[in-house]
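Here the structure comes first, spelled out in structure tokens, and everything after it is commentary.
As a basis for the values below, the full set of heavy atoms in this structure was taken, side chains included, without hydrogen atoms, waters or symmetry mates. Predicted model, so just to flag it, every value in this text is computed and none were measured.
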Amino acid sequence: MVYHNLKALIKGIRACKTIADERDLIKKESAAIRTSFKEEDSFTRHNNIAKLLYIHMLGYPAHFGQIECLKLVASPRFSDKRLGYLGIMLLLDENQEVLTLVTNSLKNDMNHSNMYAVGLALCTFANISSEEMSRDLCDEIEKLLGTSNTYIRKKAALCALRIVRKVPDLLERFISPSKSLLSDRNHGVLLSGITLISEMCQLDESCLEEYRKAVPILVRQMKGLATTGSSPEHDVSGITDPFLQIKTLRLLRFLGKGDAKASETMNDILAQVATNTDSTKNVGNSILYETVLTVLEIDADSGLRVMAINILGKFLGNRDNNIRYVALNTLNKVVSMDTNAVQRHRNIILDCLRDGDISIRRRALELSYALINESNVRVLTRELLAFLEVADNEFKLGMTTQICLAAERFAPTKRWHIDTFLRVLKLAGNYVREETLAAFVRLVSHTPELQAYTTSRLYSALRSDVSQESLTLAAVWIIGEFGDMLIQTGLVEEEEAKPVSDSDLVDLLESALHSPYSNTLIRQFVLTSLTKLSTRQPATAPQRDRVLAILESYSTSPELEIQQRSVEFANLYAQVEIRAAVLEQMPMPELKATVMGTVSENRAVGSTRTDTDTIFDMIGDEVPASGPAPPSNATVQNTQALLMDIFGGDSQTAASPSSPQPSAQRSVQDIMGLYGNNAAASPTIASPIGSGGASLFSGLAIQTQPTTPAPAPPARQPAPGYVAYDNNELRVALTPQTSPTKPGLVNIIARFQVTGSESASNINFQAAVPRTQQLQMLPMSNQTVAPGVTETQQLRVAAPPGSQVRLRIRISFTIAGRNVQDQVDFSGFPATLTGGA
């Protein structure tokens with residue numbers, strides 16, 4: 001059955017009982033429409049296109065009607081043109097080749113005498129125009145921007161917006177015509193004109209100076225909207241034309257940023273809008289929010305900034321979750337601008353921590369971290385600890401890190417600092433990062449007057465709860481180091497001093513060892529702590545035998561690290577003459593700020609992701625061949641210190657010359673060798689907290705047991721420099737360095753010198769090697785070389801032993817106002833450089 005019009009087709013489709021019936025009907029009707037297209041009846045074509053567009057809306061193929069839409073557009077009747085343009089917008093996009101056939105029709109209709117036909121063409125252009133079509137019809141759009149008809153001028157502005165997005169290099173053609181749009185009294189023209197200018201300012205900052213002259217006009221328009229109002233048809237909930245107000249405020253924000261004069265011009269109207277806008281309705285809140293963003297972006301008065309932050313504080317009391325979220329999100333961005341103004345709303349921010357919406361709690365938490373300072377650290381930390389007790393697990397890792405970091409920075413006393421750490425360990429000990437736990441150990445080690453107090457508190461905490469991993473680790477380590485103080489003084493916090501015996505300590509550690517929450521790391525710590533504890537205080541024979549029995553019971557453990565420790569400790573236990581020296585208290589570790597990264601990407605204690613993985617993520621598989629920023633000495637030293645921490649060493653403690661080189665230090669040297677840096681002397685003290693299970697007193701064993709000096713590895717022999725480039729008043733000399741122990745590895749130092757009296761700047765040195773070789777480069781020490789100064793860049797080439805190191809060098813720089821770019825091939829190194837015969 002063939003349906004003669006759209007109404008009949010819709011009735012037939014709705015009468016279908018199954019989807020199969022509908023598909024069958026659509027298939028037959030589409031075939032009938034294809035057949036009918038062969039006829040030249042314009043009335044039939046109009047009906048067929050209408051039915052085809054409905055079929056397209058249902059999701060069925062309708063592409064075969066594209067050409068028929070073009071025929072309708074060419075019709076003199078307005079109804080045909082309207083349907084044809086609608087079909088083009090629905091069935092075509094800017095990637096279709098058929099679109100090139102539409103360009104001529106659009107151009108003709110843009111010059112049509114009927115303004116509604118012109119409007120159809122402009123609307124179609126704004127929706128589907130491609131880059132090529134934008135270039136072809138740019139002249140027509142520019143001409144229509146100056147027409148006296150407001151209906152056409154409004155649509156032409158939107159077409160110009162499409163053009164500047166598609167072809168930014170045509171932007172300058174619309175700067176002058178768009179200025180006149182700002183003075184228009186028509187709402188639509190003004191709204192589309194401001195939208196066009198805002199887009200142009202974002203695409204090209206050079207436009208800002210042109211449009212800053214129009215700031216007084218925008219201020220006058222804004223004043224008229226805020227006071228006298230405009231036509232009633234643009235009134236929304238008693239607010240005059242809110243869409244135009246928001247667009248105007250946004251444009252003022254672009255124009256006032258970085259310009260004191262323009263900012264001063266708009267200060268008064270912004271204060272007036274912020275004061276007079278009704279905040280009881282959502283429409284008014286949207287205008288106030290845009291006003292706040294504008295005030296915070298421009299060079300506004302300090303009083304105006306405080307007013308803007310107070311508006312955000314008022315938003316926090318709104319019952320709408322979206323408004324509170326927006327306020328918290330904005331305050332997070334501006335808290336660094338005026339912390340004191342944000343501090344006034346601290347109480348309501350803390351109230352948001354109890355909100356039922358998790359996104360609001362998260363934003364309030366981030367803002368609370370930023371508000372902590374010396375004066376309020378006690379209050380805010382207490383609130384954060386109260387929230388930590390009931391917080392979702394996904395918050396706890398970040399919270400423990402931030403609370404401990406704030407305590408580290410702003411702690412009023414050492415005791416408060418330790419109490420805060422202990423509270424964190426009790427509440428969320430399973431969500432504490434290793435760096436945070438190590439910071440706590442360092443703090444206790446450097447606070448001898450509170451070591452007995454801390455040991456007592458941890459002893460009590462571990463007796464009541466062994467489920468928190470970090471609490472268990474901290475307690476076991478502290479008891480192992482300072483348990484003798486606990487035996488001497490008893491529990492410090494008890495009203496009546498309660499004595500603690502060595503058997504009590506062994507009982508506690510053994511309960512932690514056999515706890516269902518115990519893991520490999522905890523067992524390693526407990527075995528070490530038990531062994532150390534037996535030497536701290538003269539223990540009774542039963543307790544010594546008990547510790548030895550515990551150690552021997554793990555000598556057959558399937559966990560290799562546990563087995564190794566138990567065997568080593570049991571053997572050490574029998575060697576009375578060296579046991580006390582080996583198991584003495586750890587020296588005070590170096591005090592340093594806790595390494596804080598992105599909390600969500602760092603792990604808690606016991607995570608399977610190792611610190612070695614982290615450092616290799618930072619280093620990457622390959623050093624970039626060139627880079628804009630040279631590394632400072634501090635950066636290299638920090639990288640080396642971080643590597644030493646990861647491999648169990650202390651970068652600040654040097655071993656005696658007689659000490660053998662530990663494997664951790666060799667690993668650091670191997671990695672640092674990528675950058676041509678020799679590692680420092682080998683470490684002697686292991687980190688007190690480690691994830692790799694290294695012995696906690698292995699460093700002391702090295703100190704107390706001098707060994708035969710190990711032969712030093714052969715040093716790299718620097719070869720003479722080879723000039724690789726000497727042209728345009730710049731000389732580049734390459735000095736290779738090799739090591740007999742690493743054949744095929746060549747470290748090259750490139751030295752840059754100017755041979756004239758002018759400095760060379762913006763030097764970009766790039767190199768490539770054959771496929772059989774590999775190249776790594778560090779950035780230049782300085783990309784500007786002054787006369788008499790030598791700058792360097794390090795390269796590392798890995799080549800098959802005996803092969804020739806060849807470099808293709810590309811260098812570009814600026815000297816004496818000239819831009820130089822050159823390329824040379826260098827193969828001046830001897831073949832024996834890579835260790836060949």
Would you call Val334 and Val292 a side-chain contact if the rule is heavy atoms closer than 4.5 Å? no
For residues Ile323 and Tyr289, determine if any side-chain heavy atom of one lies less than 4.5 Å from a side-chain heavy atom of the other. no
Check step by step if side chain to side chain donor-acceptor pair (under 3.5 Å) holds for Asp278 and Thr280. CA-CA 6 Å; Asp278 184 9; Thr280 60; 2.8 Å; yes
Looking only at heavy atoms, what is the nearest atom pair of Asp93 and Asn95, with distance? OD1-N, 2.8 Å
Side chains of Lys71 and Glu68: does their closest heavy-atom pair fall under 4.5 Å? yes
Derivation of the salt bridge (Lys or Arg N to Asp or Glu O under 4.0 Å) call for Asp139 and Arg173: CA-CA 9 Å; Asp139 293 336; Arg173 300 188 58 174; 2.3 Å; yes
Are any of the side-chain nitrogens in Arg363 or Glu366 under 4.0 Å away from the carboxylate oxygens of its partner? yes
Where is the tightest heavy-atom contact between Ile49 and Gly65, given as atom of each residue plus distance? CD1-O, 3.9 Å
Okay, side chain of Asp355, backbone of Arg361: is any donor-acceptor separation there less than 3.5 Å? no
Non-hydrogen atoms of Glu132 and Thr100 that approach each other most closely: OE1-CG2, 4.5 Å
Do the non-hydrogen side-chain atoms of Lys143 and Thr147 ever get within less than 4.5 Å of each other? no
Please walk me through it: do Asn819 and Thr814 pass side chain to side chain donor-acceptor pair (under 3.5 Å)? CA-CA 5 Å; Asn819 293 325; Thr814 302; 2.9 Å; yes
Taking the side chain as C-beta and beyond, is there a heavy-atom pair between Ile19 and Glu22 under 4.5 Å? yes
At their closest point, which heavy atom of Ile33 faces which heavy atom of Lys51, and how far apart are they? CD1-CB, 4.2 Å
Taking all non-hydrogen atoms of both residues, which atom of Leu316 and which atom of Arg324 are closest, and how far apart? O-CD, 2.9 Å
Do you know which of Val295, Leu296, Thr294 makes side-chain contact (heavy atoms from CB on, under 4.5 Å) with Arg253? Thr294
Before giving the answer on side chain to side chain donor-acceptor pair (under 3.5 Å), spell out for Tyr211 and Ser178 the whole-Å C-alpha distance, their side-chain angles and the decisive distance to 0.1 Å. CA-CA 10 Å; Tyr211 290 116; Ser178 61; 2.6 Å; yes
Less than 6.0 angstrom from the centroid, inside 45 degrees of the normal: does Arg34 satisfy that with respect to the ring of Phe64? yes
Closest non-hydrogen atoms of Asn127 and Cys123, given as atom of the first, atom of the second and distance, are ND2-O, 2.7 Å
Minimum side-chain heavy-atom gap Asn47-Leu6 below 4.5 Å: no
From the list Leu72, Leu90, Asp109, side-chain contact (heavy atoms from CB on, under 4.5 Å) partner of Tyr85 resolves to Asp109
